Engineer: 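Below is the structure I would like to discuss, written out as structure tokens.
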Amino acid sequence: MRENQWQPILWFTLMGVALGFTAGITLKWGASGRSPTGGKGNRPGAADIAVDRQPFPATHAWEPPAHLSGLAASPRQQLAFFNAVDTLDSDGCAALFERYSGQMRLTGTAATNAFQRLFERWSVIDPKRAIAAITSLSTTWNMGGQPRLLDLAVTGWAKAAAQNSDVLDETLPLIQGVKDREVQSTFVRGLLTDVDAPTPTFRESVERARELLKKLPKSLADAANIHDDPTLVSAILDQWRESLKDGRSTTRDPMDVFRYAAEEITDPELRWGAQQLAVRQLAQVDPHLAAETLDSIGLPPSSRDKNELLGAVAIEWGNRDMPATVDWILEHSIDEQKGLLRAMLDFPNRYNSALEPQHLAKLAELVPLDRIPEGMASTIAAPWLSTDPEAAVDWFSKTPEANDPTKLTKMMTEFANYPSNAQWDRSMAALKAVVRLENLSVDDFATQLRIQMFDSAQGDNPAHAADLAAFRESLVGTKFEAAVDLASLNTLSLKDPVAMREALAENSTLSSEQRAEVLKNAAKAMWLHENVADTLKWMSSLTPDEAFLPTGEALFWSVRKTPDDGIPAATDWLNALPDEKLSDPQASRVANAAATALMQTNLDPRVAAEWANTALPESLRDAAVAEVMEGWASIDPASAAEWLITLPEKSRSDTAVGKLVDEIAWDPANAFSLAGMITSPEARIAKLGEIARNWSVYAPDELSATIETSNLTPQEAAAVLNIVDGKDK
């Protein structure tokens, strides 16, 4: 980032001093602070300038994003980042670490891969400095289930250290000197995750891991609880299980692990774990042999493990020879049969495999009905509908699930998920069969019919239209008669809403709820076919109650797709609504969409913020301003904060302040300052505590100094610190 880009921020800092905040803390964008690598600050200012000066030459057109989440924009941007990282020197790596290590959230594959790649590069060119940076990260920093920065950095180091003995030799003394044993364990286990990469057999993986383990000081091995062959083998088995789940084991000898277990592993529990893995691998190649092998070694004591293992074998075998598979299933006890069948039918499962529809049908024919696990009949019938709907419905109608509307909904939903069911003939055959099921709901039937009609372009196919007309005629007098009309009108509303209006005017079978559904769906597509003024003119012919939802829907899509016409129309509509309608979620939905669209179509987000704060009905302003603030703060937090601060306190909503604070969470000093403007005492303390808890992970001294110099009362400061310490639970 260019240095002059920070001038507004520095000016804003001075302005912040003059204005002051509720918490009495000055904004400090670009201020320096001690960092784990000895550089200047974790906040963007110093790091951005350092990155421009050091790692990237002036001729380099690409600039790293201020936040790693920016890499999600495109694969090209990710590639540019990786290519740039490969050219960095140690100072350049340190500058990027300064930028990214202070961020509170690290989400998405692109962001995590980028952080790993940074340390993979840094560990090669300057191992000691990279380790110093890694060990400065907290062991407990995990935001919302996302990977810890520590783990990601260690993964990058491990990729270099496992393949480069110089890197390993230089860094081991530093890792040994780390006082936190959890950090030491993370390093050791991270190192062993890559031993399998270049080696095709389990034995070679173990031998290579042994060699690496010999280089580790005993204290490090003990910290990771990898101190002998059983614990080492267990760690490698974990990696092979992962490769089995993601398909990386297909080139391996299925019996490789089995032979190793029989010859080398003496611990019974560990040997069983290895044999279980071997059976799973073998099932993908020869399920009959896998079943025989499983019978020879016995079943695991855990019913869950047993069922999963039996299911993996049975799925592979059933897709090759279902009669033989069923014979094998029926040799087990009744409870084992049901558990095995449940594991077979619970797909897509952890093995990424499933029984094909024709084999499911054969399974249903061969297995006694009373042996089918509860809840699984709908799973069997759904794909079977696409191959033999009459037989599927006849079988399903005899099961208890046929009397359960929720199971019927499940069956119709799963049926829709099969790719082959987009074919008109298959779908119509299935629908003609399922109407025999008394408990099938009209909504489920109409939804499935509409999906098939839309996918097959029914409106443009005379043969399909004739089929549909004959089908409707066969349903006259039944509850499904209106369902066909509903599906037809919903399909037409998406393709030609103007023609839908005429058909709707002539229809007398739809209920008021069904009519409202058609109007709402039509409103979503009207902007494609006519301008918003014509749409609103037609909507005005409806009753006010009937027109409200579809008008809101039409305006919602119009402001997003044709903002020049949609935003003025939305403004007029919202300001004309009676008070009782302004509290409806549809009104705020339109207002927020208009605010967002206005921000996206103007170079200055201030225009959208001013509009949201003045042009909308008062009850809708806070949420709309917060919507603008969220987008504005992500691209220019300084000007967003400047505008928000200048508002009178009565016009400044806590929601908008909260959105701004959340967007600048990567800069906790300023986030903490701005959170002080929240007027609700409970909300203010909660937000300050949230920021402080994460800030304390990597800069506790800076946090303490900030709290001490703030205008927080002793009680408020104590409440914030209680959140940091977890005492607020």
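This structure is a prediction, so every number in the text was calculated from the model and none was measured.
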Engineer: Between R210 and D229, is any pair of side-chain heavy atoms under 4.5 Å apart?
Structural biologist: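 SC-SC contact between R210 and D229 confirmed.
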Engineer: With under 30° as parallel and over 60° as perpendicular, where do the rings of F97 and F115 fit, or are they tilted in between?
Structural biologist: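 Answer is tilted, since the angle falls between 30° and 60°.
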Engineer: Report yes if the side chains of D91 and R129 come closer than 4.5 Å at any heavy-atom pair, otherwise no.
Structural biologist: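 The answer is yes; the side chains approach within 4.5 Å.
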Engineer: Under 6.0 Å from the ring centre and within 45 degrees of the ring axis: does the NZ or CZ of R203 meet both conditions for the six-membered ring of Y260?
Structural biologist: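 Checked: cation-pi criterion not met.
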Engineer: Going from CZ on F119 to CD1 on I131, what distance comes out if it is rounded to the nearest 0.5 angstrom?
Structural biologist: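 Result: 9.0 Å between the selected atoms.
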Engineer: With a 4.5 Å heavy-atom cut-off, do I707 and V720 have their side chains touching?
Structural biologist: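 The answer is yes; the side chains approach within 4.5 Å.
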Engineer: Atom CZ in F82, atom OG1 in T87: separation rounded to 0.5 Å?
Structural biologist: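 The CZ atom of F82 sits 13.5 Å away from the OG1 atom of T87.
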Engineer: Between I685 and I723, does a side chain to side chain contact (heavy atoms under 4.5 Å, CB included) hold up when you go through it step by step?
Structural biologist: CA-CA 9 Å; I685 294 300; I723 295 175; 4.2 Å; yes
Engineer: Side chains of L168 and L191: closer than 4.5 Å at any heavy-atom pair?
Structural biologist: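 L168 reaches L191 side chain to side chain.
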Engineer: Hey, does L237 have a side-chain heavy atom less than 4.5 Å from the side chain of L270?
Structural biologist: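 Contact flag for L270/L237 side chains = yes.
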Engineer: Quick one, D222 and R181 - any side-chain contact, counting heavy atoms below 4.5 Å?
Structural biologist: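 Heavy-atom side-chain distance check passes, below 4.5 Å.
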Engineer: Any salt bridge between D286 and R320, counting N to O under 4.0 Å?
Structural biologist: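 R320 and D286: not salt-bridged.
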Engineer: Can you check whether S165 reaches K215 side chain to side chain, under 4.5 Å on heavy atoms?
Structural biologist: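 Yes - at least one pair of side-chain heavy atoms lies under 4.5 Å apart.
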Engineer: Any ion pair linking K214 and E211 (charged N to carboxylate O, less than 4.0 Å)?
Structural biologist: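 A salt bridge links E211 with K214.
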